[in-house]
Amino acid sequence: MTELAQKNKKLVVKLLGCVAFMSLFVVALVPLYNTFCEITGLNGKGTGIVTDDRPSTIDTDRLVTVQFITQVNPGMPWSFEPLESQIKVYPGEIKKVMFRATNMGAKEITGQAIPSVTPGLTATYFKKTECFCFNQQVLKAGESVDMPVAFFVDPELPKEYGTITLSYSLFNVTQAIEQAELASK
Amino acid sequence: MSAVLDDHHDHHDHHHAPPKGIMRWLLTTNHKDIGAMYLWFSFIMFLTGGFMAMIIRAELFQPGLQIVDPNFFNQMTTVHGLVMVFGAVMPAFTGLANYMIPMMIGAPDMALPRMNNWSFWILPFAFLILISSLFTEGGGPNFGWTFYAPLSTTFGPDSTAMFVFSVHIMGISSIMGAINVVVTIMNMRAPGMSYMKMPLFCWTWLITAFLLIAVMPVLAGAVTMVLTDKYFGTSFFDAAGGGDPVMFQHIFWFFGHPEVYIMILPSFGVISAIIPAFSRKKLFGYASMVYATASIAGLSFLVWSHHMFTTGMPVFGELFFMYMTMMIAVPTGVKVFNWVATMWRGAMTFETPMLFAIGFVILFTIGGFSGLMLAIAPADFQYHDTYFVVAHFHYVLVSGAIFSIMAGAYYWLPKWTGHMYDETLGKWHFWLSTIFVNLLFFPMHFLGLAGMPRRIPDYATQFADVNMIVSIGGFCFGLTQLLFLYIVIKCIKGGEKAPAKPWEGAEGLEWSIPSPAPYHTFEVPPKVS
């Protein structure tokens, strides 16, 4: 009987090991998922980073249409719009466009814009050299600001993609920042 | 109780008579007591979840809002799902495992009896927390049993923490139950009981237990991230903080898909015991059944994104998950083929367990076919989130899992109680259940194909007649289950005395001991030839 108990104990420890492994696996899933999306450009990710690459050539044989769309999360009293809704660029050409944000509310609000690129698989070819989305924007009541994005389309972009849509969702992170400050105190 | 089996006094810790009254049940470490408690608990949860389904069907009886407000309707769909999945189906199978596995492999008890007690007794508290959250200010969980972020994070009710903790407890209970099953099956088999001689119920449960151990931590992780996102300012699923709501769906379904096999694999084991018994033939293709079960379990980890075809995946992803999903039909088809081949030219009789088993094979196969339709990615764009999906998973869960549990209950009731159940009433229960389950779920296919979305308390008037039929089917199916309660109580109280082996063609060690099974069995392991 004690031999059996010993054997049981050994097996239980192994099985608990499996449980622990799977728990760690879940924790690891989060960075794994993000890395996976950034590498493959799935979900239009891989656009939240500034690139140091500069295009070597400009491909003047074709034009790519780049469209800009924006949305403001519900409950956030901001207007947020691109000054131009779409432009045509040669792959490899660096272009700068402006987005205008206005705080129409009565309080100071911190906003964070989250970019996304459609079709998702073009995300890795859409490179930003400068973007307001790398910082949070603090706007006082009634304040308005024009924010730049500089980008180029990688000349390696497969030929079948003629249009790329860059979308920004604007989130109100004021509360989250306050919470985080409270938590760190 | 049998004196013959009880007179080995070398291990005296087993031989105290059980304490009387409530303490017997609170302190018990006996696998039969715990199995019985699991089964009763699951039946209570079945009625509770069923009551919620009645509220849902009453609201949907007519278009417009009549009985409940939309928020409460959403709470009902959510808690109905949670209660049925984690409270009714899973504990029922754990109960059957506790009761039957030691008797099937010739073991005196489960390997870890104290943990067994604990894994049961935390369950009622989990559901107490979950159900009481319905009565808090702002209501209980209303985001669907899949608790997609941001519905459960940004927009969840204040009681979301109660939901999270109850799911944690359910998960701990399932993991402990699974560890117990694995250790029992791997270490406690009687001499001569090799793996390939085990009854298929043991095999399917062994594989299910490994699935549980693998995916319950994933569920725990998902609810924990929901908890910290909602209450502690993290942003796992919040795009504003760099998270991704789609990641929630990946994590959830990485748990969720194996979970659906957790709820059906033990069914396969039950059915594989019953069909040979009433066909008076050996199970056709035993080894292929084992391999099929293992392949289904393996594939279940590679198909999760078929729940997410419409989230915007690359075509390669859609094709991969589509083909993987369709591949599951192969081992499942092997199983259905084996059951039919077992019946082929068998000397069949149609007692209630066999009726439920045949009902299972037919209706589960219908559910499987609608699953194949849903697996086709382009078609899924139409079916997604419609009543077609509701029809599909209720076919596999109600007329699949629940029917197999009913079949198992009728099959082993004589062993548990020592009495034969009332065969006439059993047949009534089967036929009423089968007629009404189809009246309830079959028209839902058409509602879905016509575009009626799920989880919405109101609908366009063109769906009115079909919904009324569905609701009538639902009420009648619900009432029919009270007949089952009556049959079980009647069988416990008395009835024709059951012999050790009431079914002529039944095989297995559980039939070699008297009925009712003595409190302690196989203290000396039997020899298996």
Side-chain angles (χ1 to χ4, degrees), chain A residues 1 3-12 14-30 32-34 36-37 40-45 48 73-76 111-116 118-121 136 169-173 175-184, chain B residues 10-11 13 107-108 110-112 115 150 154 171-172 175-176 178-184 186-188 209-210 212-222 224-225 229 231-248 250-251 254-255 311-317:
Chain A
M1 206 60 186
E3 198 187 323
L4 180 65
Q6 207 89 51
K7 224 171 112 191
N8 287 352
K9 203 172 159 190
K10 253 189 176 161
L11 187 53
V12 171
K14 274 186 208 158
L15 292 170
L16 285 176
C18 294
V19 173
F21 174 80
M22 286 311 291
S23 308
L24 286 177
F25 175 70
V26 190
V27 178
L29 265 183
V30 177
L32 275 176
Y33 175 83
N34 286 331
F36 183 77
C37 287
T40 58
L42 287 180
N43 267 2
K45 284 203 177 186
N73 228 30
M76 189 175 182
Q112 168 78 57
I114 303 292
S116 171
T118 310
L121 291 177
Q136 288 170 343
S169 303
L170 194 64
F171 292 89
N172 184 349
V173 292
Q175 260 191 331
I177 291 172
E178 280 167 10
Q179 270 184 4
E181 275 171 4
L182 269 177
S184 65
Chain B
D10 38 341
H11 318 297
D13 50 339
M110 296 295 278
L112 310 155
M115 193 168 86
T154 316
I172 292 168
I175 288 174
M176 290 197 296
I179 289 179
N180 216 340
V181 168
V182 174
V183 178
T184 306
M186 292 179 98
N187 286 357
M188 310 270 288
F210 276 111
L212 278 166
I213 289 169
V215 301
M216 289 319 269
V218 178
L219 174 68
T224 308
M225 285 187 255
D229 265 19
Y231 297 98
F232 301 106
T234 59
S235 340
F236 290 109
F237 309 129
D238 181 9
D244 187 343
V246 177
M247 184 176 73
F248 173 86
H250 281 291
I251 294 178
F254 189 79
F255 147 79
T311 53
M313 262 189 280
V315 174
F316 173 78

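These numbers come from a predicted model, not from an experiment. Proteins come first, then strands; the chains are lettered A, B, ... in the order of their sequence lines, and each starts at number 1. Hydrogens, waters and symmetry mates are skipped; everything else that's a heavy atom, side chains included, is used.
With a threshold of 4.5 angstrom between heavy atoms, A:Val30 approaches chain B through its backbone and through its side chain. Contact annotation for B:Met225: only side-chain heavy atoms (C-beta onward) come within less than 4.5 Å of a heavy atom of chain A. Both the backbone and the side chain of B:Ile213 come within less than 4.5 Å of a heavy atom in chain A. If you measure heavy-atom distances from B:Leu212 to chain A, you find no contacts under 4.5 Å at all. In this structure, chain A has no heavy atom under 4.5 Å from any part of B:Ala220. Of the atoms belonging to A:Ile114, it is side-chain heavy atoms, and not backbone ones, that fall under 4.5 Å from chain B.
B:Thr224 meets the side chain to side chain contact (heavy atoms under 4.5 Å, CB included) test with B:His168; sequence neighbours excluded. Partners of B:Phe254 according to the ring pair (Phe, Tyr, Trp, His ring centres under 6.0 Å) rule, which considers only residues two or more places apart in sequence or in another chain, are A:Phe25, B:Phe301, B:Trp304.
Most heavy-atom pairs under 4.5 Å with chain B: of the set A:Leu24, A:Leu16, A:Asn8, A:Leu170, this distinction falls to A:Asn8. Considering only heavy-atom pairs separated by less than 4.5 Å from chain A, the leading option among B:Leu112, B:Val218, B:Thr234 is B:Val218. For the set A:Val12, A:Val173, A:Leu29, the entry with the most heavy-atom pairs within less than 4.5 Å of chain B is A:Val12. Ranked by heavy-atom pairs shorter than 4.5 Å toward chain A, the options B:Pro314, B:Ala214, B:Gly233 are led by B:Ala214.
Here the closest heavy-atom approach between residue B:Asp229 and residue B:Phe236 is recorded as OD1-N, 2.9 Å. Annotation for B:Met115 and B:Asn180: closest pair CE-N, 4.1 Å, computed over non-hydrogen atoms.
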### Audit row: B:Met188, A:Leu4, side chain to side chain contact (heavy atoms under 4.5 Å, CB included) steps and yes/no
CA-CA 8 Å; B:Met188 310 270 288; A:Leu4 180 65; 3.5 Å; yes
### Task
I would like to know whether B:His250 and B:Val246 meet side chain to side chain contact (heavy atoms under 4.5 Å, CB included); could you show each step before the answer?
CA-CA 7 Å; B:His250 281 291; B:Val246 177; 3.9 Å; yes
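Side-chain contact between B:Met110 and B:Val181 is present, with heavy atoms from C-beta onward closer than 4.5 Å.
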